[in-house]
Amino acid sequence: MANISASMVKELREMTGAGMMDCKKALTNTDGDMDKAVEWLRENGLAKAEKKAGRIAAEGIVKTNISENGKSAAIVEVNSETDFVAKNEKFQNFVAAVATQVSASDAEDIDAFMAEPWAADTSKTVKEELASQIATIGENMNIRRFAKVSCENGLVVDYIHAGGKIGVLVAAETDNTGDEVVECLKNVAMQIAAMSPLYLSTDDVSEDYKEKEKEVLLAQAKNDPKNAGKPDNIIEKMITGRLNKELKEVCLLEQAYVKAEDKENVAQYVQSVAKATGSNLKLSQFIRFETGEGLEKKEEDFAAEVAAQMK
């Protein structure tokens, strides 16, 4: 049995990007033969990870992690190829570990996060642990995105819908962290999950967004035969009215509160809870992740696949 030195492990790790323990195991199993150790690593995981990396990973789950004091939280989306794997306990545990690490991380983007040491085994980076998980689970996976929310003068609550298909974080400034306020924020989080607002309030809507929407509405108005011959000032008023209506749909505080029996909007609902509990309560931020949004999903055509193989 060859004596495996730390420098040999380090060299193999630099050559392959594999984890420290994986490199040591590879060298041990190949009696210290560097070339055979590289091949062993390829045969036992990393080559699999590279091969699978080209596949579309558009399923998966969203998970959250709330700090013990309830003042900060992280949300992550990790993708898999199939919904079957997304429901796998090993995959779910990995995503939960990612969310926990994001909470404690100073990384500002995915690249920086992927280069960090993996908290559960600092001989590996997050990227290397992901490659190991891909090899073990047998599907391409991708840590797609993360976000963090904090509120030192209040609290953050989360809501997970449909087993991780949608995840929401809501932060609010408040002097009351009792059950009624928490329930209110949970209701708001459910509203966000259901209604997909883009902004907290109309004050947050950029002028660029408004101008682009005006252009679309103007084109629609001019193409509508019913508006033929109408003066420009009348069309302008119509467009302004339509834009204001649209903003109520995309701004959380202006949205009609879905659980209300009357015409109460979200802002009015929050105010009513603040008044009923004698609290200061103000929504400050929200994040909504929906699994796979914006990703192309692979269309399986088994007949074409069989035909291609026969050729």
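Owing to the predicted nature of the structure, the values given are computational and were not obtained by experimental measurement.
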Requested in this report: Look at the side chain of Thr122 and the backbone N and O of Pro117, then say whether any donor-acceptor pair between them is shorter than 3.5 Å.
Outcome: no
Query - Reported SG-to-CG distance for the pair Cys251 and Asp203, which is rounded to 0.5 angstrom - result: 8.5 Å
Query raised in the report: Can Lys212 and Glu215 be counted as an ion pair, charged N to O under 4.0 angstrom?
Result: no
**Report entry** Audit row: Asn187, Glu183, side-chain contact (heavy atoms from CB on, under 4.5 Å) steps and yes/no
**Finding:** CA-CA 6 Å; Asn187 285 336; Glu183 183 185 1; 4.1 Å; yes
Query raised in the report: Of all heavy-atom pairs between Leu130 and Met114, which one has the smallest distance, and what is that distance?
Result: CD2-CE, 3.5 Å
Query raised in the report: Does the salt bridge (charged side-chain N to carboxylate O under 4.0 Å, His left out) test come out yes or no for Lys210 and Glu207, once each step is laid out?
Result: CA-CA 5 Å; Lys210 291 178 184 176; Glu207 289 304 316; 3.6 Å; yes
Query raised in the report: With distance as the sole test, does Lys165 use its side chain to make a donor-acceptor pair with the main-chain N or O of Ile61 at under 3.5 Å?
Result: no
Report summary line: Heavy-atom nearest pair, Met20 first then Val9, reads SD-CG1, 3.4 Å
Query - Smallest separation among heavy atoms of Pro197 and Gln255, with atom names - result: CB-NE2, 3.6 Å
Query raised in the report: Are there more than 12 heavy atoms of other residues, nucleotides or ligands under 6.0 Å from atom NZ of Lys186?
Result: yes
Report task. For Gln285 and Cys151, run side-chain contact (heavy atoms from CB on, under 4.5 Å): C-alpha distance rounded to whole Å, both residues' side-chain angles, the deciding distance at 0.1 Å, then the answer. Result -> CA-CA 9 Å; Gln285 189 181 0; Cys151 194; over 6 Å; no
**Report entry** Full working for side-chain contact (heavy atoms from CB on, under 4.5 Å) between Val188 and Tyr269
**Finding:** CA-CA 9 Å; Val188 171; Tyr269 164 63; 4.3 Å; yes
**Report entry** Nearest-0.5 Å distance, NZ of residue Lys63 to CD of residue Gln92
**Finding:** 4.5 Å
Query raised in the report: Do the charged groups of Glu293 and Arg145 touch, with an N to O distance under 4.0 Å?
Result: yes
**Report entry** Presence of salt bridge, Lys230 and Asp224, under 4.0 angstrom
**Finding:** no
Report summary line: Looking only at heavy atoms, the pair that brings Ser279 and Val181 closest together is OG-CG2, 4.2 Å
Report summary line: d(Ser132 OG, Ile137 CD1) to nearest 0.5 Å is 9.0 Å
Report task. Check whether more than 12 heavy atoms from other residues, nucleotides or ligands sit under 6.0 Å from atom CG of Asn233, and answer yes or no. Result -> yes
Query - Test side-chain contact (heavy atoms from CB on, under 4.5 Å) applied to Gln101 and Trp118, step by step - result: CA-CA 8 Å; Gln101 180 151 340; Trp118 179 241; 3.5 Å; yes
Requested in this report: Return yes if some donor-acceptor pair links the side-chain N/O of Ser105 with the main-chain N/O of Val102 below 3.5 Å, else return no.
Outcome: no
Query raised in the report: Does Ile166 belong to the same Ile/Leu/Val/Met/Phe/Trp/Tyr cluster as Val95, with side-chain heavy atoms less than 4.5 Å apart forming each link?
Result: no
Query raised in the report: From Ile192 CD1 over to Tyr159 OH, what is the distance, rounded to the nearest 0.5 angstrom?
Result: 11.5 Å
Report task. Inspect the surroundings of CG in Asp109 and state if more than 12 heavy atoms from other residues, nucleotides or ligands are less than 6.0 Å away. Result -> yes
Requested in this report: Return yes if some donor-acceptor pair links the side-chain N/O of Lys71 with the main-chain N/O of Glu152 below 3.5 Å, else return no.
Outcome: yes
Report task. Using a 4.5 Å cut-off on heavy atoms from C-beta on, say whether the side chain of Asn93 contacts that of Glu89. Result -> yes
**Report entry** Gln133 side chain near Lys90 side chain, heavy-atom distance below 4.5 Å
**Finding:** yes
Query raised in the report: Shared ILVMFWY cluster between Val168 and Val270, side chains joined below 4.5 angstrom?
Result: yes
Query - Heavy-atom side-chain proximity of Asn140 to Asn142 below 4.5 angstrom - result: no
Requested in this report: Look at the side chain of Asn79 and the backbone N and O of Met141, then say whether any donor-acceptor pair between them is shorter than 3.5 Å.
Outcome: no
Query raised in the report: Atom CG in Leu185, atom CD in Gln191: separation rounded to 0.5 Å?
Result: 13.0 Å
Query raised in the report: Are Ile160 and Phe94 in one and the same hydrophobic cluster, where Ile, Leu, Val, Met, Phe, Trp and Tyr link if side-chain heavy atoms are under 4.5 Å apart?
Result: no
Requested in this report: Give me the other members of the hydrophobic cluster that Ile239 sits in, counting Ile, Leu, Val, Met, Phe, Trp and Tyr linked by side-chain heavy atoms under 4.5 Å, directly or via other members.
Outcome: Leu198, Tyr199, Val205, Tyr209, Leu217, Leu218, Ile235, Leu243, Leu247, Val250
Query raised in the report: Is it true that atom NZ of Lys214 has more than 12 heavy atoms of other residues, nucleotides or ligands lying nearer than 6.0 Å?
Result: no
Requested in this report: Please say whether more than 12 non-hydrogen atoms of neighbouring residues, nucleotides or ligands are located less than 6.0 Å from CD in Glu246.
Outcome: yes
Query raised in the report: When you check the side-chain N and O atoms of Ser67 and Ser72, is any donor under 3.5 Å from an acceptor?
Result: yes
Query raised in the report: Is there a donor-acceptor contact under 3.5 Å from the side chain of Glu139 to the main chain of Thr82?
Result: yes
Query raised in the report: Is Asp262 atom CG crowded by more than 12 heavy atoms from other residues, nucleotides or ligands, each under 6.0 Å away?
Result: yes
Query raised in the report: Taking ILVMFWY side chains as joined if any heavy atoms are under 4.5 angstrom apart, and letting links pass through other members, which residues group with Ile75?
Result: Val62, Ile66, Val149, Val156, Leu169, Ile287, Phe289
Report task. Check the hydrophobic clustering (I, L, V, M, F, W, Y; side-chain heavy atoms under 4.5 Å; chains of links allowed) and say if Ile134 and Val76 are grouped together. Result -> yes
Query raised in the report: Is Trp40 reachable from Met34 through a run of I, L, V, M, F, W or Y residues, each pair having side-chain heavy atoms under 4.5 Å apart?
Result: yes
**Report entry** Check: Ala172 main-chain N/O paired with Thr174 side-chain donor or acceptor under 3.5 Å
**Finding:** no
Query raised in the report: Do any N or O atoms from the side chain of Asn227 and from the backbone of Ala221 form a donor-acceptor pair under 3.5 angstrom?
Result: yes
Query raised in the report: Within a radius of less than 6.0 Å around CE of Met21, do more than 12 heavy atoms belonging to other residues, nucleotides or ligands occur?
Result: no
Report summary line: Heavy atoms of Phe113 and Val126 approach each other most closely as O-CG2, 3.3 Å
Query - Glu254 side-chain N/O to Asn265 backbone N/O, donor-acceptor pair under 3.5 Å - result: no
Report task. Heavy atoms only: give me the nearest Asn65-Ala99 pair and the separation to one decimal. Result -> CB-O, 3.7 Å
Query - Atom pair CG (Leu12) and OG1 (Thr30), whose distance is rounded to the nearest 0.5 Å - result: 8.0 Å
Query raised in the report: Do the charged groups of Lys282 and Glu173 touch, with an N to O distance under 4.0 Å?
Result: no
Query raised in the report: Within a radius of less than 6.0 Å around NZ of Lys24, do more than 12 heavy atoms belonging to other residues, nucleotides or ligands occur?
Result: no
Query raised in the report: Within the side chain of Thr291, is there an N or O that forms a donor-acceptor pair under 3.5 Å with the backbone of Gly164?
Result: yes
